[in-house]
Asks: 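The structure follows.
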Amino acid sequence: MKIFNLFPLTVMQETISIEESERKVLITEIKKMHKSNIDNEQSKYAWTGDTKGHEFLFSNNLFINLSNKISNAIIQYLEALDVNTDLLDIYYQRSWATYTEDKQNINFHTHSQSNISFAYYLLKPPGSGGIIFKANELQNEIAKNIFTSTKLEKSLIKKPNPYNSERSIFDLEQDSIIIFPSKTAHATAPNISGKPRISISGDITIMLKNSSGFEHLMPNFKNWTKLR
């Protein structure tokens with residue numbers, strides 16, 4: 001018997017190392033942002049800078065070295081997909097920090113306005129929760145909702161495996177980065193470490209340098225005409 005896995009979702013994990021002195025500076029800067037507009041009552045959800053007025057983190061000079069290293073990882077991801085990056089202009093559309101305290105998490109969501117997203121773990125205590133991916137479409141779903149967790153609990157599905165799983169979790173270590181298509185539904189597991197977790201996330205937009213002869217990929221904004 002042969003099994004063929006077709007149409008995969010490609011997620012890349014890499015390690016980005018920074019000096020501990022730089023880590024301390026970045027953590028201090030993010031803590032300032034977090035403290036400046038934290039809710040009076042602790043929420044069950046993590047603090048996310050993109051919704052708190054801090055969505056352009058990489059415009060801060062303190063983050064230049066890290067953003068350059070992340071840029072190299074993004075290029076590696078595109079090259080793994082055999083995308084010809086010579087034809088593209090690639091932009092950080094947004095970049096922000098997330099601050100996850102004890103028992104907090106982030107619900108499933110997508111980043112539909114961009115092409116590629118990432119999460120880099122600047123501060124990641126053991127037990128502070130990983131990132132969870134959920135399939136937008138289950139190619140092996142031979143009956144509606146057959147692979148949901150309730151079917152596993154009721155023993156219709158004997159055990160989860162790569163052929164029947166609707167979600168996968170990556171519990172990464174500090175300094176890990178994970179890169180994935182922005183349209184992929186993702187969430188974070190609750191932080192049960194008793195210590196804060198700090199990650200840096202971002203959205204990447206790609207556009208053609210020259211859109212002549214192309215129909216679907218975004219043409220370069222330098223050729224756009226402003227409505228008013």
Side-chain angles (χ1 to χ4, degrees), residues 1-16 42-48 50-51 73-74 76-77 80-81 96-204:
M1 180 179 70
K2 293 183 178 180
I3 296 291
F4 298 95
N5 287 314
L6 307 178
F7 315 120
L9 168 66
T10 301
V11 173
M12 187 181 92
Q13 177 188 345
E14 182 60 280
T15 300
I16 294 178
Q42 186 177 19
S43 170
K44 64 179 180 178
Y45 300 117
W47 180 92
T48 57
D50 59 324
T51 62
I74 298 296
Q76 289 178 37
Y77 177 75
L81 299 177
W96 66 94
T98 67
Y99 194 97
T100 307
E101 299 186 85
D102 194 47
K103 304 297 190 296
Q104 291 183 334
N105 72 300
I106 300 173
N107 280 339
F108 278 105
H109 62 287
T110 64
H111 299 196
S112 56
Q113 79 287 347
S114 59
N115 303 114
I116 300 167
S117 296
F118 67 86
Y120 165 75
Y121 293 93
L122 179 68
L123 182 64
K124 182 69 165 59
S128 58
I131 187 168
I132 309 167
F133 293 103
K134 184 168 70 173
N136 295 322
E137 295 183 11
L138 294 172
Q139 301 292 351
N140 287 341
E141 190 176 53
I142 56 178
K144 185 68 175 177
N145 296 326
I146 193 172
F147 297 142
T148 59
S149 57
T150 56
K151 302 302 187 295
L152 182 64
E153 293 166 3
K154 294 178 179 180
S155 300
L156 178 62
I157 301 300
K158 293 187 287 185
K159 63 179 181 179
N161 65 42
Y163 309 131
N164 63 29
S165 296
E166 64 166 350
R167 60 188 66 188
S168 295
I169 183 167
F170 290 78
D171 192 6
L172 305 176
E173 297 181 349
Q174 186 167 288
D175 280 334
S176 293
I177 185 172
I178 195 155
I179 304 169
F180 53 93
S182 297
K183 65 182 181 180
T184 308
H186 57 286
T188 64
N191 180 354
I192 58 173
S193 70
K195 301 176 182 178
R197 180 185 74 228
I198 298 177
S199 62
I200 294 173
S201 296
D203 290 332
I204 307 294

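The analysis underlying the following values was restricted to heavy atoms, covering all of them including side chains, and did not include hydrogens, waters or symmetry mates. Note that the structure is a prediction, hence the values are computed from the model and not measured.
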Asks: Please collect all side-chain hydrogen bond (donor to acceptor under 3.5 Å, both in side chains) contacts where either partner lies in residues 146-158, sequence neighbours excluded, each pair once.
Replies: T148-T150

Asks: Measure the CE-CD1 distance between M12 and I177 for me, rounded to the nearest 0.5 Å.
Replies: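 One gets 7.0 Å once the value is rounded to the nearest 0.5 Å.
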
Asks: Inspect the surroundings of CD in E137 and state if more than 12 heavy atoms from other residues, nucleotides or ligands are less than 6.0 Å away.
Replies: no

Asks: Name all residues meeting the side-chain contact (heavy atoms from CB on, under 4.5 Å) criterion together with D175; count only those two or more places apart in sequence or in a different chain, and write none if there are none.
Replies: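 Listed in chain order: T15, I18, R23, Y120.
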
Asks: Measure from the side-chain N and O atoms of T188 to the backbone N and O of I106, and report whether any donor-acceptor pair falls under 3.5 Å.
Replies: yes

Asks: Determine whether a donor-acceptor pair (N or O, by modelled atom type, separation under 3.5 Å) exists between the side chain of Q76 and the backbone of A80.
Replies: no

Asks: Counting distance only, does the side-chain N/O of D50 pair as donor-acceptor with the main-chain N or O of W96 below 3.5 Å?
Replies: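 Pair absent, no side-chain N/O of D50 close to backbone of W96.
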
Asks: What residues form a side-chain hydrogen bond (donor to acceptor under 3.5 Å, both in side chains) with N191, not counting sequence neighbours?
Replies: S193

Asks: Counting only heavy atoms not in E173 (residues, nucleotides, ligands), do more than 12 fall under 6.0 Å from its CD?
Replies: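 No.
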
Asks: List the residues meeting side-chain contact (heavy atoms from CB on, under 4.5 Å) with L81, not counting sequence neighbours, and say none if there are none.
Replies: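 Result, side-chain contact (heavy atoms from CB on, under 4.5 Å) vs L81: T10, Y77, V83.
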
Asks: Take atom CD1 of I146 as the centre, draw a 6.0 Å sphere, and report whether it contains more than 12 heavy atoms from other residues, nucleotides or ligands.
Replies: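 Atom CD1 in I146 is packed in, count exceeds 12.
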
Asks: If I take atom OG1 from residue T184 and atom CG from residue N136, how far apart are they, to the nearest 0.5 angstrom?
Replies: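 Atom-to-atom, T184:OG1 and N136:CG are 6.0 Å apart.
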
Asks: Enumerate the ring pair (Phe, Tyr, Trp, His ring centres under 6.0 Å) contacts for residues 178-199, please, sequence neighbours excluded, ordered by first and then second residue.
Replies: H109-H186, H111-H186, F133-F180, F180-H186

Asks: Only pairs at least two apart or in different chains count here, so list each salt bridge (charged side-chain N to carboxylate O under 4.0 Å, His left out) that has a residue in residues 120-135.
Replies: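 Qualifying pairs, neighbours excluded: K124-D171.
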
